[in-house]
Enquirer: 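Sharing a structure below in structure tokens format, with a few things to ask.
Side-chain atoms are counted along with the backbone in the values below, which use heavy atoms only and exclude waters and symmetry mates. Chain letters run A, B, ... following the sequence lines, proteins first, then strands; residues in each count from 1.
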There are 2 protein chains.
Amino acid sequence: MRITPQRSAIYKAVLEHGDHPTASEIHKWIARDMPHVSIDTVNRTLHSFHDMGLLNIVEGEGGPRRFDPNTRSHHHLHCDRCGKIIDFYSDAADNMPIPPEVQNDFIVERKRIVLSGICRECMNANDASGSGT
Amino acid sequence: MRITPQRSAIYKAVLEHGDHPTASEIHKWIARDMPHVSIDTVNRTLHSFHDMGLLNIVEGEGGPRRFDPNTRSHHHLHCDRCGKIIDFYSDAADNMPIPPEVQNDFIVERKRIVLSGICRECMNANDASGSGT
DNA sequence: TGCTATATAAGAGCGTTTCTTATATACTTC
DNA sequence: GAAGTATATAAGAAACGCTCTTATATAGCA
Ligand SMILES: [Mn+2]
Ligand SMILES: [Mn+2]
Ligand SMILES: [Zn+2]
Ligand SMILES: [Zn+2]
């Protein structure tokens, strides 16, 4: 795979961005330094990186794909209010046994836990507005 | 909430479809009996059902939302080849402890396990084509 | 039966992803 | 270092899913 300025910038952007960005967000992020990179190149490149194992694609409830530069084994919290996706780590989750009937009919290559609910910020926002005088 | 022919048909279609269909798939499914139902109505109605707790929205890796009429606590296998999503049940998963540091910063309302890999059909398809003489 | 709040159809609009094609360029070969 | 070639990119079009707008229809109530 060729090394191009676009690819370097895209990879750097994903690492710097930190969160779980969409192709569009990476495109905007990069635009500061390289305004002429096309969204098509960003999207195509992110998928190439995914195919090479440099990035994960994060589970979501429809909508645009979100990419994840964190390649350590980890899991996610999804906030139902603000849509934020937060990493967490859990040995219990990593070591959780897979049911035998699944193992018979399916080759498991990846195991992820998704917890949905309300994040701390949204909790606080709710408290502040909800219980005043 | 009013009972309308469209809503009845959409609910029936989701139950009959069985799998984890998209709004568009339900729209096509219904078209056999009711060709004049709009995709907008299907989509809006599916979301209403979701808000009422009749349906779940299934986690996916981008792309259109997929709905799930199975309201029992269960988890999913995602086939990387054919994109199929298969239900499975696991007490170990349901009882898995949530890390304390998560509980401090997040109100967990739903817990799902997603296993990605290769389903039996894709396995067999691969065998048949891959290792012949 | 008639009324009214709610639901629907149709099409427009929007954002994301993919496709097409001409142009540019990273890497190889000499 | 120069030339050649396979690969990558830009730009715009197109496809797709989802949402919004507005005029019309209708379910359920009085
Ligand atoms: Mn992550
Ligand atoms: Mn399911
Ligand atoms: Zn939140
Ligand atoms: Zn499969």
Side-chain angles (χ1 to χ4, degrees), chain A residues 1-14 17 19-52 54-68 78 80-85, chain B residues 1-14 17 19-52 54-68 78 80 82-83 85:
Chain A
M1 180 186 228
R2 287 189 184 168
I3 296 172
T4 66
Q6 290 90 340
R7 285 180 175 164
S8 302
I10 290 166
Y11 189 60
K12 187 158 154 279
V14 177
H17 189 284
D19 203 357
H20 298 89
T22 64
S24 176
E25 284 165 350
I26 293 296
H27 183 233
K28 284 177 198 128
W29 188 275
I30 286 181
R32 300 178 308 176
D33 296 328
M34 298 176 69
H36 287 288
V37 176
S38 73
I39 178 63
D40 178 62
T41 293
V42 172
N43 205 47
R44 191 168 16 79
T45 301
L46 288 170
H47 280 87
S48 300
F49 288 166
H50 176 242
D51 293 342
M52 297 166 63
L54 285 175
L55 297 177
N56 291 319
I57 293 176
V58 175
E59 69 292 331
E61 303 198 332
R65 278 189 192 81
R66 299 179 68 163
F67 296 87
D68 190 348
H78 286 219
D80 289 332
R81 294 270 170 80
C82 65
K84 198 163 42 189
I85 298 181
Chain B
M1 182 184 225
R2 285 191 186 166
I3 296 171
T4 66
Q6 290 90 340
R7 285 180 175 164
S8 304
I10 290 166
Y11 188 61
K12 187 158 153 280
V14 177
H17 189 285
D19 204 355
H20 298 88
T22 64
S24 175
E25 284 166 349
I26 293 297
H27 183 234
K28 284 179 198 126
W29 188 275
I30 287 181
R32 298 178 309 175
D33 297 327
M34 299 176 67
H36 287 288
V37 177
S38 72
I39 178 64
D40 178 62
T41 293
V42 173
N43 204 48
R44 191 169 14 81
T45 302
L46 288 170
H47 281 87
S48 300
F49 288 166
H50 176 241
D51 293 342
M52 298 166 63
L54 286 175
L55 297 177
N56 292 318
I57 294 177
V58 176
E59 71 290 333
E61 304 199 329
R65 279 190 192 80
R66 299 179 66 161
F67 296 88
D68 190 348
H78 286 221
D80 289 333
C82 64
I85 297 181

Enquirer: Between B:Ser24 and B:Ile3, who's closer to the 5' end of DNA chain D by nearest nucleotide?
Expert: B:Ser24

Enquirer: Taking C-beta and beyond as the side chain, do A:Phe67 and A:Ile57 meet within less than 4.5 Å on heavy atoms?
Expert: yes

Enquirer: Checking only heavy atoms, does the side chain of B:Arg2 share a donor-acceptor pair with the base of D:dT26 at less than 3.5 Å?
Expert: yes

Enquirer: Any chance you could measure A:Asp19, atom CG, to A:Glu25, atom CD, to the nearest 0.5 Å?
Expert: 7.5 Å

Enquirer: May I ask you to verify whether the side chain of B:Asp40 and the base of D:dC20 hold a donor-acceptor pair under 3.5 Å?
Expert: yes

Enquirer: On the nucleotide C:dT16, are OP1 or OP2 found under 4.0 Å from the side-chain N or O atoms that A:Asn43 carries?
Expert: no

Enquirer: Nearest 0.5 Å, what's the NE2-CG distance between A:His27 and A:Leu46?
Expert: 11.0 Å

Enquirer: Rounded to whole angstrom units, what separation is found between the CE atom of A:Met52 and the P atom of D:dA8?
Expert: 10 Å

Enquirer: May I ask you to evaluate whether A:Arg7 reaches the phosphate of D:dA8, defined as a side-chain N or O under 4.0 Å from OP1 or OP2?
Expert: yes

Enquirer: Which part of the nucleic acid does A:Ser38 contact within heavy-atom distance under 4.0 Å: base, sugar-phosphate only, or nothing?
Expert: base

Enquirer: Between B:Ala23 and B:Pro5, which has a closest nucleotide on DNA chain D that is more 5'?
Expert: B:Ala23

Enquirer: Quick check for you: among C:dT17, C:dC27, D:dA10, whose closest atom lies nearest to any side-chain atom of A:Gln6?
Expert: D:dA10

Enquirer: Going by heavy atoms in the side chains, are A:Asp40 and A:Arg44 under 4.5 Å from each other?
Expert: yes

Enquirer: Which is true for B:Pro35 with a 4.0 Å heavy-atom rule: it touches a base, it touches only sugar-phosphate, or it touches nothing?
Expert: nothing

Enquirer: Between D:dA27, D:dC18, D:dT9, which nucleotide gets closest to the side-chain atoms of A:Thr45?
Expert: D:dT9

Enquirer: Taking only the side-chain heavy atoms of B:Arg44 (C-beta and beyond), determine which of D:dC18, C:dT8, D:dA8 contains the nearest atom.
Expert: C:dT8

